[in-house]
Amino acid sequence: MGSVWSQLVGQEPAVELLSSAAAAAAKIVAGERVPAGAMTHAWLLTGPPGSGRSVAARTFAAALQCITGTGCGECTGCRTALHGTHADVRLVVPEGLSISVAEMRALVQAAARRPSTGHWQVVIIEDADRLTEGASNALLKAVEEPPDRTVFLLCAPSDHPEDVSVTIRSRCRLVNLRTPPREAIAQVLVERDGADPELANWAAAVCGGHVGRARRLATDEQSRKRRETVLRIPLGLKRPADVFACADELIAAAEGDASEESKARDESEKAELRNAMGGDATGKGVAGAKRAAEAAVKALEKRQKSRATRTQRDTLDLALVDLAGFYRDVLVTASGATAVLNHPDYARDAAEAARSWTPESTLRRLEAVLACREAILWNVKPRIAVEAMVTALRHG
(Lines give C-alpha, C1' and ligand atoms only; values in the text may rest on other atoms or scores of the structure.)
Protein backbone atom coordinates (compact mmCIF):
# COMPACT_ATOMS: atom_id res chain seq x y z
CA MET A 1 0.00 0.00 0.00
CA GLY A 2 2.83 2.42 0.81
CA SER A 3 2.63 5.67 2.78
CA VAL A 4 -0.84 6.96 3.64
CA TRP A 5 0.08 10.26 1.98
CA SER A 6 -0.07 8.54 -1.43
CA GLN A 7 -3.86 8.69 -1.01
CA LEU A 8 -3.78 12.45 -1.72
CA VAL A 9 -3.67 13.18 -5.43
CA GLY A 10 -1.73 16.27 -6.53
CA GLN A 11 -1.77 17.91 -3.07
CA GLU A 12 1.95 18.23 -2.30
CA PRO A 13 1.70 21.52 -0.29
CA ALA A 14 -1.06 20.08 1.94
CA VAL A 15 0.88 16.83 2.40
CA GLU A 16 3.95 18.78 3.53
CA LEU A 17 1.92 20.76 6.10
CA LEU A 18 -0.03 17.79 7.48
CA SER A 19 2.93 15.41 7.60
CA SER A 20 4.94 17.99 9.55
CA ALA A 21 2.07 18.32 12.03
CA ALA A 22 1.84 14.51 12.32
CA ALA A 23 5.58 14.37 13.10
CA ALA A 24 5.10 16.99 15.83
CA ALA A 25 2.12 15.03 17.18
CA ALA A 26 4.28 11.89 17.44
CA LYS A 27 6.84 13.84 19.49
CA ILE A 28 4.09 15.09 21.83
CA VAL A 29 2.96 11.50 22.38
CA ALA A 30 6.57 10.54 23.14
CA GLY A 31 6.77 13.30 25.73
CA GLU A 32 9.13 15.51 23.72
CA ARG A 33 8.87 19.27 23.44
CA VAL A 34 7.76 20.76 20.12
CA PRO A 35 7.66 24.38 18.87
CA ALA A 36 4.48 26.29 19.66
CA GLY A 37 1.91 25.80 16.90
CA ALA A 38 3.65 22.78 15.37
CA MET A 39 0.52 20.77 16.12
CA THR A 40 -2.93 22.12 16.88
CA HIS A 41 -6.25 20.68 18.03
CA ALA A 42 -8.56 21.96 15.26
CA TRP A 43 -8.11 21.94 11.49
CA LEU A 44 -10.26 23.20 8.63
CA LEU A 45 -9.64 21.47 5.29
CA THR A 46 -11.11 23.33 2.34
CA GLY A 47 -11.11 22.80 -1.40
CA PRO A 48 -13.34 22.39 -4.45
CA PRO A 49 -15.53 19.28 -4.86
CA GLY A 50 -13.43 16.23 -5.67
CA SER A 51 -10.18 17.72 -4.39
CA GLY A 52 -10.06 15.14 -1.60
CA ARG A 53 -11.06 16.97 1.58
CA SER A 54 -12.37 13.87 3.36
CA VAL A 55 -9.48 11.78 2.03
CA ALA A 56 -7.03 14.32 3.46
CA ALA A 57 -8.80 14.19 6.82
CA ARG A 58 -8.73 10.37 6.97
CA THR A 59 -5.11 10.35 5.85
CA PHE A 60 -4.11 12.81 8.57
CA ALA A 61 -6.07 10.76 11.13
CA ALA A 62 -4.18 7.64 10.01
CA ALA A 63 -0.85 9.45 10.38
CA LEU A 64 -1.81 10.54 13.91
CA GLN A 65 -2.73 6.97 14.86
CA CYS A 66 0.26 5.35 13.14
CA ILE A 67 2.01 2.87 15.43
CA THR A 68 5.38 2.74 13.66
CA GLY A 69 5.84 6.33 12.47
CA THR A 70 3.75 9.09 10.89
CA GLY A 71 1.73 7.31 8.24
CA CYS A 72 3.38 4.03 7.21
CA GLY A 73 0.14 2.77 5.69
CA GLU A 74 0.79 -0.81 6.84
CA CYS A 75 0.21 -0.86 10.61
CA THR A 76 -3.11 -1.51 12.33
CA GLY A 77 -3.48 2.16 13.29
CA CYS A 78 -3.12 3.35 9.70
CA ARG A 79 -5.32 0.70 8.13
CA THR A 80 -8.21 0.98 10.59
CA ALA A 81 -8.17 4.80 10.48
CA LEU A 82 -8.31 4.80 6.68
CA HIS A 83 -11.13 2.24 6.62
CA GLY A 84 -13.18 4.02 9.28
CA THR A 85 -12.97 1.24 11.89
CA HIS A 86 -10.48 2.74 14.36
CA ALA A 87 -11.96 3.01 17.86
CA ASP A 88 -10.56 6.52 18.37
CA VAL A 89 -11.43 8.00 14.96
CA ARG A 90 -15.01 9.26 14.82
CA LEU A 91 -16.35 10.07 11.36
CA VAL A 92 -19.40 12.32 10.98
CA VAL A 93 -20.99 12.11 7.53
CA PRO A 94 -24.40 13.84 7.30
CA GLU A 95 -27.03 11.25 6.42
CA GLY A 96 -29.49 13.97 5.41
CA LEU A 97 -29.19 17.56 4.30
CA SER A 98 -27.75 18.82 7.61
CA ILE A 99 -25.94 17.81 10.81
CA SER A 100 -28.23 18.21 13.83
CA VAL A 101 -27.42 19.73 17.21
CA ALA A 102 -28.28 16.44 18.97
CA GLU A 103 -25.80 14.55 16.82
CA MET A 104 -23.08 17.13 17.46
CA ARG A 105 -23.66 17.20 21.24
CA ALA A 106 -23.33 13.42 21.42
CA LEU A 107 -20.17 13.58 19.36
CA VAL A 108 -18.59 16.31 21.48
CA GLN A 109 -19.36 14.32 24.63
CA ALA A 110 -17.72 11.21 23.20
CA ALA A 111 -14.71 13.20 21.96
CA ALA A 112 -13.99 14.40 25.51
CA ARG A 113 -12.84 10.91 26.50
CA ARG A 114 -9.22 9.92 26.42
CA PRO A 115 -8.08 7.71 23.52
CA SER A 116 -8.74 4.03 24.21
CA THR A 117 -6.39 2.27 21.79
CA GLY A 118 -4.76 5.01 19.73
CA HIS A 119 -2.60 8.07 20.36
CA TRP A 120 -5.33 10.67 19.75
CA GLN A 121 -9.09 11.01 19.82
CA VAL A 122 -9.80 12.22 16.25
CA VAL A 123 -13.14 13.66 15.10
CA ILE A 124 -13.65 14.06 11.35
CA ILE A 125 -16.65 16.16 10.29
CA GLU A 126 -17.28 15.81 6.57
CA ASP A 127 -19.40 18.55 5.00
CA ALA A 128 -18.99 20.87 7.99
CA ASP A 129 -20.87 23.44 5.90
CA ARG A 130 -24.02 21.39 6.63
CA LEU A 131 -23.88 22.09 10.38
CA THR A 132 -27.05 23.72 11.68
CA GLU A 133 -26.64 26.85 13.81
CA GLY A 134 -27.21 24.84 16.98
CA ALA A 135 -24.71 22.18 15.90
CA SER A 136 -22.13 24.89 15.16
CA ASN A 137 -22.58 26.33 18.65
CA ALA A 138 -22.17 22.89 20.24
CA LEU A 139 -18.98 22.29 18.25
CA LEU A 140 -17.65 25.76 19.08
CA LYS A 141 -17.66 25.02 22.81
CA ALA A 142 -15.52 21.92 22.25
CA VAL A 143 -13.13 23.72 19.91
CA GLU A 144 -12.73 26.63 22.35
CA GLU A 145 -11.88 24.32 25.27
CA PRO A 146 -10.44 21.22 23.61
CA PRO A 147 -9.77 18.10 25.68
CA ASP A 148 -6.18 16.84 25.76
CA ARG A 149 -5.31 14.51 22.91
CA THR A 150 -8.44 15.36 20.90
CA VAL A 151 -8.18 16.66 17.33
CA PHE A 152 -11.08 18.05 15.28
CA LEU A 153 -10.82 17.85 11.47
CA LEU A 154 -13.50 19.86 9.64
CA CYS A 155 -14.04 19.54 5.88
CA ALA A 156 -15.83 22.31 3.94
CA PRO A 157 -15.80 23.82 0.43
CA SER A 158 -14.30 27.09 1.72
CA ASP A 159 -13.67 29.14 4.84
CA HIS A 160 -16.34 31.65 3.80
CA PRO A 161 -18.82 32.51 6.60
CA GLU A 162 -21.61 30.87 4.57
CA ASP A 163 -19.75 27.57 4.86
CA VAL A 164 -18.10 27.82 8.30
CA SER A 165 -18.88 30.30 11.05
CA VAL A 166 -16.26 32.98 11.65
CA THR A 167 -15.77 31.95 15.28
CA ILE A 168 -15.07 28.30 14.40
CA ARG A 169 -12.84 29.34 11.51
CA SER A 170 -10.77 31.57 13.81
CA ARG A 171 -9.95 28.60 16.04
CA CYS A 172 -8.83 26.26 13.27
CA ARG A 173 -5.68 25.97 11.23
CA LEU A 174 -6.58 26.24 7.56
CA VAL A 175 -5.42 23.75 4.93
CA ASN A 176 -6.35 24.70 1.37
CA LEU A 177 -6.56 21.84 -1.12
CA ARG A 178 -6.24 22.69 -4.79
CA THR A 179 -7.86 21.21 -7.88
CA PRO A 180 -5.61 18.22 -8.68
CA PRO A 181 -3.62 18.50 -11.93
CA ARG A 182 -4.90 16.47 -14.86
CA GLU A 183 -1.66 14.48 -15.09
CA ALA A 184 -1.80 13.47 -11.42
CA ILE A 185 -5.41 12.27 -11.74
CA ALA A 186 -4.63 10.21 -14.86
CA GLN A 187 -1.62 8.65 -13.17
CA VAL A 188 -3.56 7.53 -10.10
CA LEU A 189 -6.37 6.10 -12.25
CA VAL A 190 -3.86 3.92 -14.09
CA GLU A 191 -1.74 2.91 -11.10
CA ARG A 192 -4.37 2.53 -8.38
CA ASP A 193 -7.55 1.66 -10.32
CA GLY A 194 -6.05 -0.19 -13.26
CA ALA A 195 -7.78 2.04 -15.84
CA ASP A 196 -6.79 2.02 -19.49
CA PRO A 197 -4.22 4.85 -19.98
CA GLU A 198 -6.12 6.46 -22.87
CA LEU A 199 -9.42 6.32 -20.98
CA ALA A 200 -7.70 7.63 -17.85
CA ASN A 201 -6.32 10.65 -19.72
CA TRP A 202 -9.76 11.40 -21.15
CA ALA A 203 -11.49 11.06 -17.76
CA ALA A 204 -8.88 13.31 -16.12
CA ALA A 205 -9.45 15.94 -18.83
CA VAL A 206 -13.24 16.08 -18.48
CA CYS A 207 -13.82 15.48 -14.75
CA GLY A 208 -13.29 19.11 -13.71
CA GLY A 209 -10.62 18.12 -11.21
CA HIS A 210 -13.00 15.79 -9.32
CA VAL A 211 -10.99 12.63 -8.59
CA GLY A 212 -14.01 10.50 -7.64
CA ARG A 213 -15.84 11.56 -10.79
CA ALA A 214 -12.79 10.74 -12.90
CA ARG A 215 -12.68 7.26 -11.37
CA ARG A 216 -16.34 6.61 -12.21
CA LEU A 217 -15.93 7.90 -15.76
CA ALA A 218 -12.84 5.78 -16.32
CA THR A 219 -14.27 2.57 -14.88
CA ASP A 220 -18.04 2.73 -15.45
CA GLU A 221 -19.59 2.86 -18.92
CA GLN A 222 -22.99 3.89 -17.51
CA SER A 223 -21.44 7.00 -15.97
CA ARG A 224 -20.01 7.93 -19.36
CA LYS A 225 -23.43 7.49 -20.97
CA ARG A 226 -25.11 9.64 -18.32
CA ARG A 227 -22.58 12.42 -18.96
CA GLU A 228 -23.40 12.24 -22.68
CA THR A 229 -27.09 12.58 -21.82
CA VAL A 230 -26.42 15.77 -19.87
CA LEU A 231 -24.21 17.37 -22.52
CA ARG A 232 -26.73 16.68 -25.31
CA ILE A 233 -29.18 19.06 -23.63
CA PRO A 234 -27.81 22.48 -24.78
CA LEU A 235 -28.20 21.75 -28.50
CA GLY A 236 -31.20 19.43 -28.06
CA LEU A 237 -33.72 22.10 -27.04
CA LYS A 238 -35.36 22.73 -30.42
CA ARG A 239 -39.08 22.36 -29.63
CA PRO A 240 -41.17 23.26 -26.57
CA ALA A 241 -41.72 19.57 -25.81
CA ASP A 242 -37.95 19.11 -25.58
CA VAL A 243 -37.95 21.11 -22.34
CA PHE A 244 -39.76 18.38 -20.41
CA ALA A 245 -37.93 15.54 -22.17
CA CYS A 246 -34.54 17.05 -21.33
CA ALA A 247 -35.58 17.79 -17.76
CA ASP A 248 -36.62 14.14 -17.39
CA GLU A 249 -33.28 12.98 -18.81
CA LEU A 250 -31.30 15.23 -16.47
CA ILE A 251 -33.21 14.06 -13.38
CA ALA A 252 -32.91 10.43 -14.50
CA ALA A 253 -29.16 10.79 -15.05
CA ALA A 254 -28.72 12.15 -11.52
CA GLU A 255 -30.92 9.42 -10.03
CA GLY A 256 -28.95 6.77 -11.93
CA ASP A 257 -25.62 8.01 -10.60
CA ALA A 258 -27.00 8.29 -7.06
CA SER A 259 -28.54 4.81 -7.22
CA GLU A 260 -25.29 3.23 -8.39
CA GLU A 261 -23.42 4.92 -5.56
CA SER A 262 -25.93 4.01 -2.83
CA LYS A 263 -27.23 0.55 -3.73
CA ALA A 264 -24.23 -1.60 -2.82
CA ARG A 265 -23.50 0.41 0.34
CA ASP A 266 -27.12 0.21 1.55
CA GLU A 267 -27.35 -3.58 1.20
CA SER A 268 -23.97 -4.06 2.88
CA GLU A 269 -25.04 -1.91 5.85
CA LYS A 270 -28.31 -3.84 6.28
CA ALA A 271 -26.54 -7.20 6.18
CA GLU A 272 -23.92 -6.08 8.72
CA LEU A 273 -26.60 -4.71 11.06
CA ARG A 274 -28.73 -7.87 10.91
CA ASN A 275 -25.66 -10.00 11.58
CA ALA A 276 -24.51 -7.82 14.48
CA MET A 277 -27.94 -7.99 16.15
CA GLY A 278 -28.53 -11.68 15.52
CA GLY A 279 -31.40 -11.06 13.14
CA ASP A 280 -30.38 -13.96 10.91
CA ALA A 281 -30.03 -16.44 13.79
CA THR A 282 -32.12 -19.60 14.03
CA GLY A 283 -33.33 -21.75 16.91
CA LYS A 284 -35.15 -21.18 20.16
CA GLY A 285 -35.33 -17.80 21.81
CA VAL A 286 -34.38 -15.74 18.78
CA ALA A 287 -37.76 -14.09 18.17
CA GLY A 288 -36.84 -11.07 20.32
CA ALA A 289 -33.53 -10.66 18.53
CA LYS A 290 -35.28 -10.81 15.17
CA ARG A 291 -37.80 -8.12 16.19
CA ALA A 292 -35.03 -5.87 17.51
CA ALA A 293 -33.01 -6.43 14.34
CA GLU A 294 -35.96 -5.58 12.10
CA ALA A 295 -36.67 -2.41 14.08
CA ALA A 296 -33.02 -1.40 13.75
CA VAL A 297 -33.10 -2.15 10.00
CA LYS A 298 -36.19 0.05 9.59
CA ALA A 299 -34.41 2.90 11.38
CA LEU A 300 -31.38 2.33 9.14
CA GLU A 301 -33.59 2.38 6.02
CA LYS A 302 -34.99 5.74 7.12
CA ARG A 303 -31.45 7.13 7.41
CA GLN A 304 -30.52 5.59 4.08
CA LYS A 305 -33.52 7.23 2.42
CA SER A 306 -32.43 10.60 3.78
CA ARG A 307 -28.88 9.91 2.59
CA ALA A 308 -30.18 8.90 -0.85
CA THR A 309 -31.95 12.26 -1.16
CA ARG A 310 -28.71 14.06 -0.35
CA THR A 311 -26.72 11.85 -2.74
CA GLN A 312 -29.21 12.50 -5.55
CA ARG A 313 -28.95 16.25 -5.01
CA ASP A 314 -25.16 16.04 -4.94
CA THR A 315 -25.04 14.05 -8.18
CA LEU A 316 -27.56 16.42 -9.78
CA ASP A 317 -25.28 19.28 -8.77
CA LEU A 318 -22.37 17.57 -10.56
CA ALA A 319 -24.52 17.29 -13.69
CA LEU A 320 -25.33 21.02 -13.43
CA VAL A 321 -21.63 21.76 -13.09
CA ASP A 322 -21.11 19.85 -16.35
CA LEU A 323 -23.79 22.00 -18.00
CA ALA A 324 -22.28 25.21 -16.65
CA GLY A 325 -18.92 24.05 -17.99
CA PHE A 326 -20.38 23.66 -21.48
CA TYR A 327 -21.75 27.22 -21.53
CA ARG A 328 -18.41 28.46 -20.23
CA ASP A 329 -16.76 26.60 -23.17
CA VAL A 330 -19.13 28.38 -25.57
CA LEU A 331 -18.08 31.77 -24.18
CA VAL A 332 -14.39 30.80 -24.41
CA THR A 333 -14.84 29.67 -28.02
CA ALA A 334 -16.79 32.80 -29.01
CA SER A 335 -14.11 35.05 -27.54
CA GLY A 336 -11.28 33.29 -29.35
CA ALA A 337 -9.45 32.73 -26.06
CA THR A 338 -6.92 29.91 -25.74
CA ALA A 339 -8.13 28.74 -22.32
CA VAL A 340 -8.48 24.99 -21.81
CA LEU A 341 -12.05 23.77 -22.36
CA ASN A 342 -13.96 21.94 -19.63
CA HIS A 343 -15.29 19.49 -22.21
CA PRO A 344 -12.68 19.20 -24.98
CA ASP A 345 -14.55 16.23 -26.47
CA TYR A 346 -17.53 18.55 -27.07
CA ALA A 347 -15.51 21.33 -28.70
CA ARG A 348 -17.46 20.95 -31.96
CA ASP A 349 -20.79 21.43 -30.17
CA ALA A 350 -19.39 24.44 -28.32
CA ALA A 351 -18.25 25.97 -31.62
CA GLU A 352 -21.69 25.38 -33.19
CA ALA A 353 -23.37 27.05 -30.23
CA ALA A 354 -20.93 29.97 -30.36
CA ARG A 355 -21.94 30.60 -33.98
CA SER A 356 -25.68 30.37 -33.21
CA TRP A 357 -25.94 32.28 -29.92
CA THR A 358 -24.92 35.76 -28.89
CA PRO A 359 -22.51 36.01 -25.93
CA GLU A 360 -25.31 37.70 -23.97
CA SER A 361 -27.72 34.79 -24.49
CA THR A 362 -24.98 32.30 -23.59
CA LEU A 363 -24.31 34.19 -20.38
CA ARG A 364 -28.05 34.16 -19.54
CA ARG A 365 -28.07 30.39 -20.03
CA LEU A 366 -25.06 30.02 -17.75
CA GLU A 367 -26.77 32.17 -15.11
CA ALA A 368 -29.87 29.95 -15.37
CA VAL A 369 -27.77 26.89 -14.53
CA LEU A 370 -26.18 28.65 -11.56
CA ALA A 371 -29.62 29.83 -10.37
CA CYS A 372 -30.85 26.22 -10.53
CA ARG A 373 -27.94 25.07 -8.36
CA GLU A 374 -28.77 27.74 -5.80
CA ALA A 375 -32.49 26.90 -5.83
CA ILE A 376 -31.78 23.23 -5.08
CA LEU A 377 -29.43 24.32 -2.30
CA TRP A 378 -32.42 26.14 -0.77
CA ASN A 379 -34.52 22.94 -0.95
CA VAL A 380 -36.60 23.78 -4.02
CA LYS A 381 -37.93 20.51 -5.48
CA PRO A 382 -35.28 19.37 -7.98
CA ARG A 383 -37.77 18.73 -10.79
CA ILE A 384 -39.33 22.20 -10.46
CA ALA A 385 -35.90 23.87 -10.42
CA VAL A 386 -34.66 21.82 -13.37
CA GLU A 387 -37.76 22.45 -15.52
CA ALA A 388 -37.49 26.21 -14.87
CA MET A 389 -33.80 26.08 -15.81
CA VAL A 390 -34.32 24.07 -19.01
CA THR A 391 -37.06 26.50 -20.09
CA ALA A 392 -34.59 29.37 -19.66
CA LEU A 393 -31.93 27.42 -21.58
CA ARG A 394 -34.25 27.01 -24.54
CA HIS A 395 -35.21 30.67 -24.72
CA GLY A 396 -31.76 32.03 -23.93
Side-chain angles (χ1 to χ4, degrees), residues 49-50 199 202-203 205-208 210 212-263 305 307-331 341-354 356-357 361-396:
L199 197 55
W202 168 80
V206 304
C207 71
H210 195 297
R213 183 95 192 283
R215 183 178 295 112
R216 287 198 295 274
L217 288 171
T219 59
D220 179 25
E221 185 179 357
Q222 290 302 315
S223 290
R224 296 192 287 272
K225 289 181 178 179
R226 283 191 283 270
R227 175 177 175 269
E228 291 174 9
T229 297
V230 171
L231 293 177
R232 282 200 302 267
I233 290 174
L235 297 183
L237 295 168
K238 302 185 184 303
R239 300 167 301 159
D242 294 334
V243 168
F244 299 101
C246 287
D248 286 341
E249 288 181 347
L250 185 54
I251 294 290
E255 287 177 345
D257 260 352
S259 176
E260 288 292 326
E261 187 175 332
S262 300
K263 186 175 180 181
K305 184 177 180 181
R307 184 174 65 193
T309 299
R310 181 175 68 90
T311 302
Q312 182 185 336
R313 294 193 181 201
D314 288 348
T315 52
L316 177 57
D317 189 66
L318 277 177
L320 295 175
V321 169
D322 274 344
L323 266 183
F326 178 83
Y327 291 112
R328 178 259 186 194
D329 288 352
V330 175
L331 290 171
L341 298 182
N342 285 311
H343 304 293
D345 50 340
Y346 280 79
R348 184 176 297 177
D349 285 4
E352 180 182 339
S356 304
W357 306 336
S361 68
T362 303
L363 189 57
R364 285 194 294 271
R365 289 178 168 97
L366 175 56
E367 288 173 342
V369 177
L370 300 180
C372 181
R373 292 186 69 197
E374 187 171 0
I376 291 173
L377 181 66
W378 288 103
N379 286 334
V380 174
K381 290 282 187 183
R383 181 167 295 278
I384 294 173
V386 167
E387 287 180 354
M389 176 196 72
V390 177
T391 301
L393 296 183
R394 180 173 182 271
H395 293 295

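Just so it is clear, the model here is predicted, and its values are computed rather than measured. By convention here, the first residue in the shown sequence is residue 1.
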Q.
Once side-chain hydrogen bond (donor to acceptor under 3.5 Å, both in side chains) is applied, do any residues pair with Thr391, and if so which ones, sequence neighbours excluded?
A. none
**Q.** side chain to side chain contact (heavy atoms under 4.5 Å, CB included) between Arg313 and Asn379, intermediate numbers included
**A.** CA-CA 10 Å; Arg313 294 193 181 201; Asn379 286 334; 3.0 Å; yes
Q: Could you list all the salt bridge (charged side-chain N to carboxylate O under 4.0 Å, His left out) pairs where at least one residue sits in residues 372-382, not counting sequence neighbours?
A: Asp317-Arg373
Q: List in chain and number order the residues that pass side-chain contact (heavy atoms from CB on, under 4.5 Å) with Ala351, two or more places apart in sequence or in another chain; answer none if no residue qualifies.
A: Thr333, Arg355
(Q) I'd like to check the ring pair (Phe, Tyr, Trp, His ring centres under 6.0 Å) partners of Tyr346; sequence neighbours left out, ordered by chain and number. (A) none
Q. Rounded to the nearest 0.5 Å, how far does CG of Leu366 lie from OG of Ser361?
A. 11.5 Å
Q.
Can you list everything that forms a side-chain contact (heavy atoms from CB on, under 4.5 Å) with Cys372? Sequence neighbours excluded, please.
A. Leu320, Ile376, Ala385, Val386, Met389
Q: Show your reasoning for whether side chain to side chain contact (heavy atoms under 4.5 Å, CB included) applies to Asp345 and Val206.
A: CA-CA 8 Å; Asp345 50 340; Val206 304; 3.7 Å; yes
Q) Listed by chain and number, what are the salt bridge (Lys or Arg N to Asp or Glu O under 4.0 Å) partners of Arg365, not counting sequence neighbours? A) none
**Q.** Partner set under side-chain contact (heavy atoms from CB on, under 4.5 Å) for Pro49, not counting sequence neighbours
**A.** His210
(Q) Under the rule for salt bridge (Lys or Arg N to Asp or Glu O under 4.0 Å), what residues qualify as partners of Arg215, not counting sequence neighbours? (A) Asp193
Q. Can you find a pair of side-chain heavy atoms, one from Ile233 and one from Phe326, that are under 4.5 Å apart?
A. no
Q | Rounded distance (nearest 0.5 Å) linking atom OG1 of Thr229 with atom CG of Asp322 | A | 11.5 Å
Q: Identify the residue among Arg226, Arg227, Lys225 that makes a salt bridge (charged side-chain N to carboxylate O under 4.0 Å, His left out) with Asp220.
A: Arg226
Q.
Taking salt bridge (charged side-chain N to carboxylate O under 4.0 Å, His left out) as the cut-off, I'd like each qualifying pair that reaches into residues 236-252, sequence neighbours left out, listed once.
A. Arg239-Asp242, Asp248-Arg383
Q. What closest approach, in Å, do Ala347 and Leu341 show between heavy atoms, and which atom pair accounts for it?
A. CB-CD1, 3.8 Å
Q: May I ask you to test the Cys246-Leu237 pair for a side-chain heavy-atom distance under 4.5 Å?
A: yes
**Q.** Nearest heavy atoms of Trp357 and Pro234, plus distance in Å
**A.** CZ2-O, 3.8 Å
Q.
List the residues meeting side-chain hydrogen bond (donor to acceptor under 3.5 Å, both in side chains) with Asp329, not counting sequence neighbours, and say none if there are none.
A. none
Q) Any idea which heavy atoms bring Pro240 and Arg394 closest together, and the distance? A) CD-NH2, 3.4 Å
Q) At their closest point, which heavy atom of Thr219 faces which heavy atom of Arg224, and how far apart are they? A) N-NH1, 4.1 Å
Q. How far apart are the closest heavy atoms of Leu217 and Ala203, and which atoms are they?
A. CB-CB, 4.1 Å
(Q) Is the shortest side-chain heavy-atom distance between Arg216 and Leu318 below 4.5 Å? (A) yes
**Q.** Minimum heavy-atom distance Leu393-Ala368, with the two atoms named
**A.** CD2-CB, 4.3 Å
Q: Not counting sequence neighbours, which residues clear ring pair (Phe, Tyr, Trp, His ring centres under 6.0 Å) with Trp202? List them please.
A: none
